[in-house]
Every structure is written in structure tokens, then in C-alpha cells.
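Written out below as C-alpha cells is the structure these notes cover.
By convention here, the first residue in the shown sequence is residue 1.
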Amino acid sequence: MSTTELNVPDIGDVAEVAVIEIMVAVGDTIRKEQSLITVESDKASMEIPADKPGVVKALLVKLGDKVTKGSAILQLEASEEGAAEEAKPAESKAGSVDKASTATTNTPAQPSNESSSGSSGKSATGGQAGAAPAPASFSGAADGEYDVLVLGAGPGGYSAAFRAADLGLKVVLVERYATLGGVCLNVGCIPSKALLHTAAVLEEAKSLSSHGISFGEPKIDLDAVRAYKDGVVSKLTGGLAGMARARKVTVVTGVGQFVDPHHVSVNDDKGQSQTIKFGSAIIAAGSQSVKLPFLPDDSRVVDSTGALLLSSIPKKMLIVGGGIIGLEMGTVYSALGSRLDVVEMQSGLMQGADRDLVKVWDKMNAKRFDNIMLDTKTVGAEARDDGIWVSFEGKNAPKEAQRYDLVLQAVGRVPNGKKIAADKAGVSVTERGFIEVDKQMRTNVAHIYAIGDIVGQPMLAHKAVHEGHVAAEVIAGQKSFFDARVIPSVAYTDPEVAWVGLTEDEAKSQDIAVERGVFPWAASGRAIANGRDEGFTKLLFDATTHRVLGGAIVGTHAGDLIGEVALAIEMGADAVDIGKTIHPHPTLGESIGMAAEVAEGSCTDLPPARRSRK
């Protein structure tokens, strides 16, 4: 039998990911779409499946290895049974291409690697779904009938529901939480930002002694801190409920699952059930935190949701995973008095951002950490009366197990595609729980759409909102597409780190010639006045066309500033367009215009550039 290599497929806008789990062994007989390894990116963990069946002859990766598209995973020996199994899907795929070529706006566009990421033309799901499942059939009576059912009321879901209602459709919104907003508003983006604001004010007050204003030692009332956070959440979720009523969107609370292509069953926490019939559906079921199997089931081991409860202020806290979510929560706990350790399998924190940005963050945050264990993995943990004892392996691992009062596991999120009985609707779901869609957010079933985390990277609320609008508009008969060029990313740490479009690391790895304009905040009047001039603004321009391809900012309020760079990329602006746009002075925002001037050689707020001698 022939031997072949199985490689890492296109994994979207991620330069490099780490192998955190190997799910097969030499000698195993594997089927097509069976998971081989689990890899970890900045905000999510994903399983890489086999694209053909056979017998594993050799493993070519090990735990902790960094891989990218095309990296070899294993050697596979094809079997006669495997060859026969491969032939059938090949014929099926040929048939589906035929149908796609004659599709109209009333038929589902065939999901493809290009369509699932929107901004980059790369697959964000890390693999394709297998053959579409045969749908079930429901013959019972429905408790309600609607034009559109939206499953999940996070930012993408409620935005889709509200947009569909605004376009004259009868809409029902199904949500498992008692309040609208999903993970983001209830136990994610919003409560974490409320606590980060509290932490920032607390630390800024301490820094005012250098301005001639001193305060006493802060007294932390943890109940009041939690109440403030909960009040922020209540204000926003209450506002959403009011907007749903104003639009006549019906809200049903409970866990929804498909029973056939036109019905969803909703079960609430009281054991009551109802069945809803729909003409079209939008799946916005989101994702959940990855649970590491070797960590004990203990109240002192939490995910981001548990960390947001602020049950106590631990003296010693471990963050497992050096991505954005863990570092944001670490900022909060550090400001409240905790000492931090962080363990990360890769060679740097905050993967995805250029290293020059992270270097500024590193310098500002070194004081928070006792240990930053890079190139190191967590291999075991034990719950004892005096704490959680954690063992490590790797380049910077301590020799002995370490004791922690709180352990935060923040190694990414996994989609909920396998929790909604999508197969009963005939919707294809990948091995890892993603649902592939086209640029109109259609799944393989013509009248069912999917948006947000469940359709792939990046798992960001602002992406989901725009996808939700597209799905609603298509259902209403409009010619709408998700064709964003770029999607910004922000770490709401202190300082904030934000980037959008092409990064400098990506330009180097892809051999893209760029011109670089960097404006240091040490030359910004506003940054100096604020006492926070550690940051900088960076823009990357195409070396030939001079159009902006990407940008990044590190510093206070970087997340508030990056939107201008995203707009410039979407509009195809060049350095002159940005530099000649008059920005108000003195502001942090004018650093964007000045970075463009640096690229053009016209910036008068920095020393003159050296001229090369002829």
C-alpha cells in the first residue's frame, strides 16, 4: 500500500500555532475527518482532522511543536477499504460542484475555504465538513411559527434578529441565558471591560503621586466591585430587551436544538419544552472555553467566566495560556493585589501581534509577574487543601510543582456546532464543531445560515455583528455579502495592543514588500501630557502602490484608535491620503497621520530622516 503524509490545512489568519494534544498513535486505523491533533492559536483551540483514512505509520509532530499550513503531521498508509471510502466522497463532491455552477440566489452557495473567513479568503475553520447528514423529519405540532429563527442572542445573534425585524420579518430569538447578549455581554467582553476600567483607574490613581497628588492606600470592597460590574451588564442587557420589544422580536429562553430543517425545540431550566417552526434560521450559537482534561474539578480552577465572578483575590494566580483573554483577566487580578505566573507553550505572549508591540507591553507589565514561563507546558495539577499544585515541562519550567490559590485556564475557545443537533436539519458540521458558510453566510442548507464564532476565526463579536447583518439582509431578499477586507484585533490590557490587516511578521513570512511608517508616542504631546508615552503607532504600506495594508498601535486607548486604520484599508487609502487628513491636536489619534507622514518622509514632529550619501 502507498504511504502519504497528512499535513496541516489552511488554518486562517494565523501565522503559527502550537500542538497541545496528539489524539492518535502509531498503528491506529483512522477514518476520514477523524481528529489527529489539537492546536492552539491566540483565541481558540482547534482540532486538525484527517483528510483521508488509513493506518498511522509514523507521527511527525510532538507536543509543543509549532506548526503552520503545510506542516507534516503524520505518515499514513492507505488501506484498500480506505481507498474505496475515498472514492465515494470524490464522486459526491464532483456532483456538488456541478450543482454549484448552476445555483441561483434561492439555493445554498457551496461552502468553500475562500468563503468561510470573509476578510482573507482563507478557511477559518481549519478543515472541511464531511458529507451532509440526512435531515430528520418532525411531524408534531409547532407552538409558534416565524419567518426567521435566530439561535443564540450574542452580539451577532441579536444584531441579526433586530436587522431582520427592521426589514419587516417576523422574528424569534432563542437564548439560553435569562438575559440577551450571550457570552459577550453576560460573562465575556462587557463585564471584563468593566473590571479592566476599574483596574485602570485604580492604577492611574496610584501613579498621580508623581503629579503632586497622593491618595491613601485603596480599600477594596469586593462586593461593591462585583456590583458595579453586574450593574454594567444589567444596563446593557436590559437595553437589549427593550429594543427587542420595540421591534416585536419574540424572545424564547432555553437551549435550542434542531429537530428537522424547519423546526427547533427549546428546553428551559424548568424542564418545559416548546417547538418553533421557521422559514429561515440563523445559527449564532457561539463557542465555549476549552477545558483542559488534566486540571482538577475544583472551585480554584476557573475559566474566564469563573474568573469574572471575583469570588476572592488570590495571593498567587496562574494563567494557563498567554493569549489575550488570560492577560486581560491577569491585569484585573494584578491591580487588585494578586501576584501572577503565566505559562505559554509558544515562544511569546499574545501571539498574532507583532513582537515590537508585545515588547512594549512586556516592559510595562513585568512588575505584575513572578514567572513568565514561555516554551513551557502544564503537564499536571493536584488539588490540595492549601492550593492547586501544578507541574510543568519545558524550557522555562520550574523543577518542582508550584502552589497557586487560583488557576485560570485560558487556552482558547471551541465552537458549539455539535451541541445544537444541526445534523437533524441536514447542516454539515466539521469534526471540530465549525459550520462552513459562503459569503452570504449560507450553510449547505439553503434556508439556514450561520454566523459568529461557529463559522470560524477570528472569534470576535464585531465580526459576528456584521455577519449577522448580512444573513438577515440576504433572507430579506437583499444582495448582501460579507466581504470585509480586514477585521481588527484588540488586547484590552494596559497598555492596549491593537492591530488590523497585514502584520509585519506576516509581510516577512509572505515576502510582501512594504514601506513602514512608525511614530513613537515619545514625540506625542498628548501622550507625554498623559504620562503614558511608552507606545507607538505603526503603518505598513504596499511598496509599489503605497496603499495602506496594515497598522498596529500599542498604548492607552489603542483599541479606540485602530478603527481609523481599518477604514483606511477598506477605502484603499495611501500614505498621502492619511497624512493629509487633518487630525485634531493634541490627540493620540494624530499619531496615525504622523505615522503616514513618516512613511512619506514629510513628518516635522520627528528629527529629519538621515539622507543617504551619494
Side-chain angles (χ1 to χ4, degrees), residues 13-15 42-43 117-120 324 350-361 458 460 462-463 466 484-493 495-510 512-524 526-527 532-584 587-603 605-606:
D13 291 331
V14 182
D42 179 32
K43 278 203 164 185
S117 69
S119 65
S120 66
I324 290 173
M350 212 180 294
Q351 292 294 317
D354 282 333
R355 295 299 90 190
D356 54 352
L357 304 167
V358 180
K359 185 177 180 180
V360 174
W361 181 92
L460 297 170
H462 41 282
K463 175 183 78 91
H466 285 266
R485 287 186 178 181
V486 291
I487 301 168
S489 295
V490 182
Y492 297 94
T493 49
E496 291 184 0
V497 180
W499 64 99
V500 65
L502 187 73
T503 67
E504 203 162 1
D505 289 342
E506 288 171 339
K508 291 175 182 175
S509 66
Q510 298 172 30
I512 298 173
V514 295
E515 295 173 344
R516 185 173 181 265
V518 178
F519 186 81
W521 285 17
S524 163
R526 183 60 183 268
R532 293 296 302 269
D533 61 355
E534 72 277 1
F536 64 83
T537 298
K538 173 172 67 174
L539 298 178
L540 300 178
F541 300 91
D542 185 289
T544 303
T545 68
H546 305 292
R547 288 187 174 182
V548 61
L549 300 177
I553 304 171
V554 55
T556 55
H557 303 288
D560 298 324
L561 303 176
I562 199 67
E564 180 183 343
V565 183
L567 177 62
I569 297 171
E570 289 286 352
M571 299 300 292
D574 61 19
V576 174
D577 294 326
I578 300 170
K580 293 293 186 182
T581 298
I582 299 177
H583 294 74
T587 62
L588 299 176
E590 65 184 332
S591 67
I592 296 172
M594 291 176 178
E597 289 179 346
V598 170
E600 280 291 296
S602 61
C603 183
D605 286 81
L606 292 175

Minimal non-hydrogen separation, Ala558 against Val497, with atom names: CB-N, 4.5 Å
Taken to the nearest 0.5 Å, the spacing of Leu357 CG from Phe536 CZ works out to 4.5 Å
Pairing residues for Asp356 by the salt bridge (Lys or Arg N to Asp or Glu O under 4.0 Å) criterion, not counting sequence neighbours: Arg516, Lys538
To the nearest 0.5 angstrom, please state how far the CD1 atom of Ile578 sits from the CE atom of Met571. 11.5 Å
Is there a side-chain contact between Trp521 and Val360, using heavy atoms and a 4.5 Å cut-off? no
Under the salt bridge (Lys or Arg N to Asp or Glu O under 4.0 Å) rule, collect the residues that match up with Asp574, sequence neighbours excluded. none
Any idea which heavy atoms bring Val565 and Gly551 closest together, and the distance? CG1-CA, 3.8 Å
For the residue pair Leu606 and Pro520, establish whether any side-chain heavy-atom pair is separated by less than 4.5 Å. yes
Thr545: which residues meet the side-chain contact (heavy atoms from CB on, under 4.5 Å) condition with it, sequence neighbours left out? Asp542, Arg547
Would you give me the side-chain donor-acceptor pairs under 3.5 Å for residues 590-601, sequence neighbours excluded?
unit_1, atom_1, unit_2, atom_2, d
Glu590, OE1, His585, ND1, 3.1
Glu590, OE2, His585, ND1, 2.9
Glu590, OE2, Thr587, N, 3.1
Ser591, OG, Thr537, OG1, 2.7
Ser591, OG, Leu588, O, 2.7

Kindly compute the distance separating CZ (Arg355) from CE (Met350), expressed to the nearest 0.5 Å. 8.0 Å
Not counting sequence neighbours, list each pair that qualifies as a side chain to side chain donor-acceptor pair (under 3.5 Å) and has a residue in residues 575-584. Glu564-His583
Roughly how far apart are Glu515 CD and Leu549 CG, rounded to 0.5 Å? 10.0 Å
What closest approach, in Å, do Ala353 and Val358 show between heavy atoms, and which atom pair accounts for it? CB-CG2, 4.0 Å
Rounded to the nearest 0.5 angstrom, the CG-CD1 distance for Leu567 and Ile562 is 12.0 Å
How far apart are the closest heavy atoms of Leu502 and Ala507, and which atoms are they? CD2-CB, 3.7 Å
Please give me the minimum heavy-atom distance between Pro495 and Val554, naming the atom from each residue. CG-CG2, 4.0 Å
Is it true that atom NE2 of His462 has more than 12 heavy atoms of other residues, nucleotides or ligands lying nearer than 6.0 Å? yes
If the condition is side chain to side chain donor-acceptor pair (under 3.5 Å), which residues does Arg526 pass it with, not counting sequence neighbours? Asn530
What closest approach, in Å, do Leu460 and Ser489 show between heavy atoms, and which atom pair accounts for it? CD1-OG, 4.0 Å
Is a side-chain donor or acceptor of Asp354 paired with a backbone partner of Asp505 at a separation under 3.5 angstrom? yes
